[in-house]
Structures are given as C-alpha cells and as structure tokens.
Amino acid sequence: MNFTMLPHDCVSTILSFTSPLDACGLSPVSTSFQSAADSDDVWERFLPSDYRDIVSRLVTPLKFSSKKDLYFLLCNLILIDGGNKSFTLEKLSGKKSYMLSARELSIKWSNEPMYWIWESVPDSRFSEVAVLRTGWRLEIHGRIETRMLSPNTSYGAYLIVKISENAHGLDSIPSEISVKVGNNVVSSNTTYLRCPKDDKKKRQMQSLFYANRTQMLRSRLVNNGEDTRVLPSEREDGWMEIELGEFFINGGDDANEEVEMSLMEVKGYQLKGGLIIQGIEVRPKH
Amino acid sequence: MSSSLEKNMLILRSSDGEEFIVPEVVAVMSKAIKNMVEDECASNTIPVPNVDANILAMVIEFCKKHDESEAEAASDLKTFDSEFVNRGQEALYDLITAANFRDVKELLDALCQNVAEMIKGKSVHHIRIQFLGYQLFEILTSNFIWNIWCDRDFD
C-alpha cells in the first residue's frame, strides 16, 4: 500500500488512531505523513476532550500556534483555578493528572491557627501549604469529579506531604485511608504518615507503657491496622507521597460521580504535629 | 429494469460497469450518495466511478451488516469489523480510497484504525520498507534532520 498516494484526510485519520509518540516519530515517513502529523485534526484527538475548558481556567494564559503546540505546553505543569489546582498531561498517553492544593482540600480545623497554619514554602507548586502545629484529630478529604479525568484509565490518589523536624505523634498508630467513588468505597487501608523509626529504645519504652493501648487502638482500625502495606515513598521533588487508594474511570457516557479521597487519624487521641500538606495528586496508575 | 425495481431500492454501477441492487437505507450510509438522493439528482442508477465491482461489493457488504445489526450487540459488530478489515495492503488501500471518496464514515474509521494498529510502535524505516517499498539505499540516505526533529518533543 502506498501511503503517499492516500488522500491527506485518510492519513490524518490513520494517525489520529495511533498515539502522540507514533505521530511524532512517524512524521518523517513521507511528506503526507509529515503534514498530517502536524495537523490540528490529529492533535485534537490526542488532546483531552475538555481541553478548551482547561485552557480557559489557566492562571497564566498560554500562547500556542497549533493544537500540537498546545499538547506539548499542557504536558508541562500548569496552574489552573486561581492557582489552587495543577494540571498536566502525560506526554506518552495524553492522559490527565491533577493536584489539588491543600486549600482545595477539606482539612478539619484548618482555619484554626491554633491547630493549623498556612505557610508558603519554596519547593511547593502552590502558594500555600498547610502545616499541622498540633492537634489530636486528622481529617483530610479531597474531592474530584470523574468527568474531569481521562476515561478508561486507572487512577491513583496520593497525599503529598513532608514531615518537619519537630514532628511528633505521627507514627504511633496507623491512619485510615480510603477512596470513595459516588457512594461506593472502592479501596480502604491503613498507612503510617511516617515510617515508624526502628529505634530499639523507643520501641521498648512504647511496649512497656503503651502496649495495651496501641493494641486496643489498632483493633478499632480497618483490618486491625495489620495490613499497613502502604508506606510513604520519596518523590523526585523532595516531598513524600502516600497512596490513598486507586480507582477506575470508565469510558462512555457514565454519570458524573464524585471521587472522595480521605485520610483520617481520629482514634489515637495522641497529640501530633509537624505534618506539612501540599495537596492530593490524582494521576494515572501504570 | 428500473420499472421492476422495488421501491426504496437503488442501483449502484461500479467503474467497470457491474450493477448492484441495494436498499436505499444501505446506500445512503455513503454520505456522497445520500446527498445525491436528497438533492434528487440521482436516477435509480447511481454511477460509482473510481470504485471497481470487487471493492464496491465489499463496501456494500460492510454497509449491509451495519444496517442490519443496529439492534445487535456492539461486540458482534466489532468482531465483524475486525474480520472485515483484515485484508492485504492492496485491498485496504482501495477500500480506504473508496470509503473516503464515497464518504462512508464507519468504514473509513474501521479501516484507518486497522492501519493505525499496523503502524503503531514501528520505526520509520520499517514503515518505508513494509508499505512504501523503499530500498535500503534510500533509507541510508534519508534525511537525518527529520530524525532529530522527531526526537525533539519526546526527549
């Protein structure tokens, strides 16, 4: 089959069924491929269907001359909705990810300066982060609508945190994490906000004074707090992330539902502090 | 012949003169034919230039199946489509041009998707040899600037 003889529209249609990587990589095949691989028809297919809406919510407007240009601009991290959310496209697949800033989350008592303060830190993508000064209950919820996310995609939700030097009370008992889509709980688990230190002395002290209490508290948690396979992991940007759970976005015209991602530590009653929250990231899971 | 033709039937004549009697609902899946019928500039016999009998028969088969199976499960139709488009390069090329020229969107999409699957993840050299009949010499002398250009965005 001689592609060079195919009408331009057909080559565009063929390329629009491939991927952004293929379209760029194959453009040198022939002049017809090259012009199709740059065409707005093809890149319109690779852009998310609601890209016009996203572009209209940008904090700093983007200048672009073609849909292809726009695609690669959206692959960089950009701030939307008054700087309270960040958006990015995955370069290879064109799938969407978001990060909700701490300001977009509902954090209990976060407007009480006795418990939480808002600070700006240099390595956060948002202007403010929430810092837990002290408090005995942690209730953090983030919400996102399913229609904002790419269809037929498995997503993970990650709480992006840092632990300050004077942190305390964060590793006594595990926190409960869950993801709800609509009214269905699609995943629930427990996690430690920081990996418990392997400090022999501290453990001995704890088992001496608090063994019963810890045991009793654990028994109130999901899975008795035993299944704490979720541990914070280091990110490239210097922050830590805790996977709150995963969920799947169906394709088609399914009804729009709300995804609620939560982390709760309300059963320990010990004072805790030193947790810094940047936000919750929702990104495709591979 | 047209006098004995049932109502709502059309005759399509291929480029090599063969005639096919087709229900109108099937024929109008081609937007080009639909426009002709709506503008009433078509007699009962519609010439389909550039498309030979062999290809026209395939296009009609595809349209008939899609017309009949509107109520059928979508997965059945998908299986039919994937079997239908599983053809050699020559036939694919002819079908794509016919579907494009006659504006049969469903067929064009199914065919283009099939070709897309064939070229996904392949290298430029592979496509040139497999589809364009390039020889090794041409590939060796191919413009390396393109390669630099196409690497640019995916570094």
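Keep in mind that the numbers below use all heavy atoms, side chains included, and drop hydrogens, waters and symmetry copies. Quick note on labels: first sequence line is chain A, next is B, and so on, each numbered from 1.
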Does a sphere of radius 6.0 Å around [atom1] in [X] hold more than 12 heavy atoms from other residues, nucleotides or ligands, not counting ones at 6.0 Å or beyond?
| X | atom1 | value |
| --- | --- | --- |
| K105(B) | NZ | no |
| K67(A) | NZ | yes |
| D123(A) | CG | yes |

field: Inter-residue atom distance C10(A).SG - I96(B).CD1, 0.5 Å rounding
entry: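 Reported value, rounded in 0.5 Å steps: 6.0 Å.
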From Q113(B) atom CD to I14(A) atom CD1, the distance as rounded to the nearest 0.5 Å: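 So the CD of Q113(B) and the CD1 of I14(A) are separated by 11.5 Å.
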message: Report which part of N114(B) has an atom under 4.5 Å of a heavy atom belonging to chain A: side chain, backbone, both, or neither.
response: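 Interface part for N114(B): neither.
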- prompt: Are side-chain heavy atoms of I119(B) and D22(A) found at a separation under 4.5 Å?
  reply: no
- prompt: For A116(B) and F17(A), which heavy atoms make the closest approach, and how far apart are they?
  reply: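 Nearest heavy atoms, A116(B) then F17(A): CB-CB, 3.4 Å.
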